Chemist: 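Before anything else, here's the structure in question.
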Amino acid sequence: MPDFFDTVPEPIAFEGPDSDNPLAFRWYDADRVVLGKTMADHLRFGVCYWHSFAWDGSDIFGAGTFDRPWNPATASGAASGLEPMAAARMKLDATFEFVEKLGAPFFSFHDVDMAPAGATFAESARNLDEMVELAAEHMDRTGIGLLWGTTNAFSHPRFMSGAATNPDPAMFQYAAGQVAHCLSATHRLGGANYVLWGGREGYETLLNTDMGRELDQLGRFMNMVVEHKHAIGFEGTLLIEPKPMEPTKHQYDYDVATVFAFLQKYGLENEIKVNIEVNHATLSGHDFHHEIATAVSAGIFGSIDANAGDDRLGWDLDLFPKSVEQMTLGMLEILRGGGFTTGGLMFDTKLRRQSIARDDLFHGHIGGMDTMARSLLAAASIIEDGELDRRRVERYAGWADRHDILAGDVTLQQLHDAQMTGDEPVGVSGRQEALENLVARHIERAR
């Protein structure tokens with residue numbers, strides 16, 4: 001089809017920090033080498049199908065506002081009169097046009113983003129298979145890869161009481177079939193990961209909920225996904241995406257620590273990692289970098305949904321990231337943990353409903369990519385300088401002479417007896433304010 005984004009005829013280029021061109025990168029220089037790797041390899045940017053192309057700009061108070069001729073819920077879509085598969089093909093064309101012009105190396109999708117639902121499960125599966133073949137052609141033509149695929153097992157009314165945790169085994173079976181088919185589709189497209197977000201795996205009230213049973217169902221479901229992964233030869237990483245609430249009152253995958261406990265209970269800690277979303281982290285009462293550090297410490301760090309929330313609003317906003325300070329602390333923990341392997345930075349972000357120009361989507365992503373690129377530079381500067389890590393090591397210097405404690409060579413009673421005649425310990429300053437100023441200087445100077 002003709003270019004959908006015809007006001008952006010050329011790929012977005014890097015022009016440097018002094019550029020005033022709103023359709024150019026100021027900080028993201030894909031080929032620039034930072035700590036021995038290119039920015040592109042460090043950041044592994046991806047564009048999401050759902051908010052960027054499937055969503056119509058609606059909210060609970062109003063209809064869709066966007067110009068999306070493939071979506072019948074929009075004015076342009078209703079006027080186009082396209083049959084569902086023709087609309088899906090147009091949406092696919094626009095998606096790859098956008099990702100290619102933006103210069104992002106990856107995209108991600110839900111099954112229902114890419115292909116319309118049919119009258120039966122079998123028809124839906126055939127629709128997805130057809131669209132996967134077309135997506136593969138686009139990927140071959142452009143070199144764009146699939147960061148991850150995932151299944152939408154939360155929007156349809158059949159999943160109003162959950163998918164894997166549903167009280168009806170027929171719904172469990174439907175969800176299992178859907179995940180099996182989408183995981184296989186992700187495998188055919190060479191996906192690097194497969195994400196499992198429990199959109200409605202939680203509860204509204206305990207009055208009608210058997211939590212123990214539902215968690216056992218969820219644990220068995222995840223084990224079945226692992227078994228299917230190995231059966232089909234998928235070599236990508238399985239990822240659970242934590243979220244504390246919304247759409248249910250309480251989600252079973254509340255935060256990284258909760259997910260790790262779940263994985264350990266059901267013998268999955270060596271099979272599944274986490275996809276951490278910034279806005280989900282803050283909704284759970286944690287800083288973004290806390291969730292990354294928790295995942296790295298547990299050995300389950302996988303990938304990131306790069307977005308932002310609003311401190312005054314208690315729901316998932318999926319704003320484009322703009323805070324270099326917040327993202328620098330996140331990138332610092334990612335770099336300390338060794339960086340991404342199969343994961344990356346997926347922009348699980350959406351435009352505001354009033355941003356109705358087609359090229360607004362470019363402005364949002366350019367700003368987000370520049371934010372993450374500058375955050376990478378600041379985090380790399382902190383690591384190269386070494387002062388922050390040196391001070392952190394010094395803070396624990398006293399443990400160098402007490403290996404016996406962690407080695408289990410001393411008992412609680414022995415420590416008690418030693419303290420009976422020992423000196424009173426003297427505290428040492430944590431230097432938090434000085435360290436915050438140190439980080440701020442690196443952010444200011446990062447170029």
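No experiment lies behind these values; they were computed from the predicted model shown. Along the sequence shown, residues carry numbers from 1.
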Chemist: Check whether H42 reaches the backbone of G339 with its side chain - one donor and one acceptor, N or O, closer than 3.5 Å.
Modeler: no
Chemist: Strictly distance-based, threshold 3.5 Å: is any side-chain N or O of K322 a donor or acceptor partner for the main-chain N or O of F320?
Modeler: yes
Chemist: Flag yes if more than 12 heavy atoms outside R158 fall under 6.0 Å of its CZ atom; otherwise flag no.
Modeler: yes
Chemist: Less than 4.0 Å between a side-chain N and a carboxylate O, is that true for D389 and R336?
Modeler: yes
Chemist: Tell me, with the steps shown, if F221 and V225 meet side chain to side chain contact (heavy atoms under 4.5 Å, CB included).
Modeler: CA-CA 6 Å; F221 191 96; V225 175; 3.8 Å; yes
Chemist: Hey, is CZ on R352 packed in by over 12 heavy atoms from elsewhere, all under 6.0 Å?
Modeler: yes
Chemist: Decide side chain to side chain donor-acceptor pair (under 3.5 Å) for E271 and H230; before the verdict, give the C-alpha distance in whole Å, the side-chain angles of both, and the deciding distance to 0.1 Å.
Modeler: CA-CA 10 Å; E271 295 284 358; H230 293 303; 3.1 Å; yes
Chemist: Is the distance between the ring centroids of F154 and W197 under 6.0 Å?
Modeler: yes
Chemist: Going by ring-ring contact (aromatic ring centres under 6.0 Å, His included), name the pairs with one or both residues in residues 368-424, residues two or more places apart or in two chains.
Modeler: none
Chemist: Could you check whether any side-chain heavy atom of M224 comes within less than 4.5 Å of a side-chain heavy atom of F172, counting everything from C-beta outward?
Modeler: yes
Chemist: Pick out which of D111, N152, T151 makes a side chain to side chain donor-acceptor pair (under 3.5 Å) with Q178.
Modeler: D111
Chemist: For T205, which residues count as a side chain to side chain donor-acceptor pair (under 3.5 Å) partner, sequence neighbours excluded?
Modeler: none
Chemist: Show your working on side chain to side chain contact (heavy atoms under 4.5 Å, CB included) between H187 and Y194 and close with a plain yes or no.
Modeler: CA-CA 9 Å; H187 179 39; Y194 186 83; over 6 Å; no
Chemist: Measure the acute angle between the ring planes of F98 and F362, then classify it against the limits of 30° and 60° as parallel, tilted or perpendicular.
Modeler: tilted
Chemist: Spell out, as yes or no, whether a donor-acceptor pair under 3.5 Å connects the side chain of N279 to the backbone of L319.
Modeler: no
Chemist: Does a side-chain N-to-carboxylate-O contact under 4.0 Å join D253 and K243?
Modeler: no
Chemist: So how far is it from N193 CG to F106 CZ, rounded to the nearest 0.5 Å?
Modeler: 9.0 Å
Chemist: Answer yes or no: does atom CD of Q419 have more than 12 heavy-atom neighbours from other residues, nucleotides or ligands under 6.0 Å?
Modeler: yes
Chemist: Can you name the one residue among F53, F96, W50 that meets ring-ring contact (aromatic ring centres under 6.0 Å, His included) with F107?
Modeler: F96
Chemist: The criterion is side chain to side chain donor-acceptor pair (under 3.5 Å); which residues satisfy it with S323, sequence neighbours excluded?
Modeler: none
Chemist: Salt-bridged, E227 to R220, with N to O below 4.0 Å?
Modeler: yes
Chemist: How far apart are the closest heavy atoms of P321 and F347, and which atoms are they?
Modeler: CG-CE2, 3.8 Å
Chemist: Within the 4.5 Å heavy-atom criterion, are V274 and P242 side-chain neighbours or not?
Modeler: yes
Chemist: Charged N to carboxylate O below 4.0 Å: is that the case for E387 and R390?
Modeler: yes
Chemist: Is Q413 atom CD crowded by more than 12 heavy atoms from other residues, nucleotides or ligands, each under 6.0 Å away?
Modeler: yes
Chemist: Please name the pair of heavy atoms, one in I405 and one in V410, separated by the smallest distance, quoted to 0.1 Å.
Modeler: CA-CG1, 3.5 Å
Chemist: Over 60° means perpendicular and under 30° means parallel, so tell me whether F109 and Y49 are parallel, tilted or perpendicular.
Modeler: perpendicular
Chemist: Do the non-hydrogen side-chain atoms of N166 and M160 ever get within less than 4.5 Å of each other?
Modeler: no
